[in-house]
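Notes follow once the structure below has been shown.
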Amino acid sequence: MGFIDELKAKAKADKKTIVLPESMDKRTFEAASKIAKEGIADVVIIGTQEEIGKNGAGYDLSGVRIVDPFNDPNKQKYIDKFVELRAKKGVTPESAKEQMEKDYMYYACLMCKCGDADGVVSGACHSTGNTIRPALQLLKTKPGINSVSGFFLMEVPDCTLGYNGLFVFADCAVNVDFDSQKLAEIAAVSAESFRSFVGAEPKVAMLSYSTKGSAKHDDVTKVSDAVAIVKEKCPDLCVDGELQLDAALVESVGQLKAPGSPVAGHANTLVFPSLEAGNIGYKLVQRLAKANAYGPVLQGLAMPVNDLSRGCSADDIVGVVAMTAVQAQQA
Ligand code: ACO
């Protein structure tokens, strides 16, 4: 069974309610129809009769729940919650209603916050920033976590590196700049993501263009400081750095450049030193190694919300819904 089939099986074992707010896109309906048919999740689409009629025509939507944001008996509850959470930021009942009707991502996050749904998947026709922002504002981080980050579960074909070709790459999606503290937190949370999705022990490499002091620069110090922080906070975690990518992945190079490292040559969780490196890195592996790149999966949020690539297919949406449902089981 492949990685995504295993996830679907896990999702089916304890069905969660996942919201798809993008009724303006036909792929949402194709995916929802498949999700309902396969029994991966209880799926909700947010949309008006007009949007459903226009974009959902021809799809079997039996088993899919539709919530019309202009005609929903629960709407006042969501408006009240929005105001309760964001009054200090200037949100009024009028502006809450307007925002929820204009941007269904807010509606979906409020459904989660009020306990009417367990997770959200969006981004087929919205930017990452616009997908993530409502979740950051309304759902916030898990207790003890300061910042949300985004990982990709990479499945590299015919690869013996990592965990039989499976890797977590982070942060590839969210934090435009981070210091050592944030980088250390990303490492710890990514290790947890690897453990829960892959079911194996994470070996975390904190990546750089330097291995163990081979180069000197503030960028290198940022990574080596992060390694010290994460080692202190998570003494049982198998983490090391700073490591160059080849030292992290290839045993012979690891032995040469970082002898004695418990991670070098065996890394399965790659923590990149910047968003540029992470975002470019996952796309290189996806395109050149023809890897499956599942994500970006957001980690650290109090409830699971996940982004889609705008080039995604309906099957990609189904896969991300399965991942979101599994995260919801663990929330
Ligand atoms: N973790 C937790 N909370 C956060 C984080 C974070 N990483 N970043 C922002 N927040 C919170 C803020 O504290 C703030 O909360 P508040 O309103 O209650 O005070 C709220 O989110 C909004 O913060 P802003 O700083 O105003 O957010 P901004 O509008 O700058 O958006 C965002 C934040 C969306 C994450 C932004 O940093 C961003 O766009 N990141 C890059 C996304 C991207 O383009 N990724 C690459 C493409 S993805 C791909 O290729 C697959």
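Small disclaimer: the values here were computed from a predicted structure and weren't measured. When a residue number appears, it is its place in the shown sequence, counting from 1. Atoms within a ligand are numbered from 1 in the order they appear, just like the ligands themselves. Reckoned from all heavy atoms, side chains included, excluding hydrogens, waters and symmetry mates.
Side-chain atoms of Ser127 and Arg310, non-hydrogen and from C-beta on, do get closer than 4.5 Å to each other. Counting only heavy atoms from C-beta outward, the side chains of Lys203 and Pro262 never approach each other to under 4.5 Å. Here the side chains of Ile317 and Cys312 are in contact, with some heavy-atom distance below 4.5 Å.
Around atom 41 (C) of ligand 1, the closest heavy atom drawn from Thr128, Leu308, Val174 belongs to Val174. Comparing Ala173, Pro296, Gly129 against atom 43 (C) of ligand 1, the shortest heavy-atom distance belongs to Ala173. Closest heavy-atom approach to atom 18 (O) of ligand 1 within the set Lys140, Lys88, Gln137: this belongs to Lys140. The residue among Lys283, Arg310, Arg133 with a heavy atom at the shortest distance from atom 22 (C) of ligand 1 is Arg133.
Within 6.0 Å of the NZ atom in Lys12, the count of heavy atoms belonging to other residues, nucleotides or ligands exceeds 12.
At the shortest separation from atom 49 (C) of ligand 1 among protein heavy atoms lies Asn279 ND2, 3.4 Å. Considering only non-hydrogen protein atoms, atom 1 (N) of ligand 1 sits nearest to Val148 N, 2.7 Å. In terms of protein heavy-atom proximity, atom 19 (O) of ligand 1 is nearest to Lys89 NZ, 2.9 Å. Residue, atom and distance of the protein heavy atom nearest to atom 3 (N) of ligand 1 are Leu136 CD2, 3.6 Å.
Put simply, the residue from Phe197, Phe167, Phe272, Phe169 that forms a ring pair (Phe, Tyr, Trp, His ring centres under 6.0 Å) with Phe151 is Phe197.
For the 3.5 Å distance criterion, the side chains of Asp315 and Ser313 fail to qualify, holding no donor opposite an acceptor. Defined by atom type and a distance below 3.5 Å, a donor-acceptor pair is missing between the side-chain atoms of Thr211 and Ser214.
Relative ring orientation between Tyr163 and Phe194 is described as perpendicular, the plane-to-plane angle rising above 60° on a 0-90° scale split at 30° and 60°.
Short contacts between ligand 1 and Arg86, defined as distances under 4.0 Å to a heavy atom of the residue, involve ligand atoms 16 (P), 17 (O), 18 (O). Residue contact check: Phe152 has heavy atoms under 4.0 Å from atoms 51 (C) of ligand 1. Contact atoms of ligand 1 toward Tyr282: 50 (O), 51 (C) (distance under 4.0 Å to a heavy atom of the residue).
Per-atom contact check: atom 30 (O) of ligand 1 does not touch the protein, criterion being a heavy-atom distance below 4.0 Å. Using a 4.0 Å threshold on non-hydrogen atoms, atom 26 (O) of ligand 1 does not count as touching the protein.
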>> Before you tell me yes or no, could you show the steps for Lys113 and Tyr78 under side-chain contact (heavy atoms from CB on, under 4.5 Å), namely the whole-Å CA-CA distance, both residues' side-chain angles and the distance that decides it to 0.1 Å?
In response: CA-CA 9 Å; Lys113 194 72 192 174; Tyr78 303 144; over 6 Å; no
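By the criterion of a heavy-atom distance under 4.0 Å, the side chain of Asn175, and not its backbone, is placed next to ligand 1.
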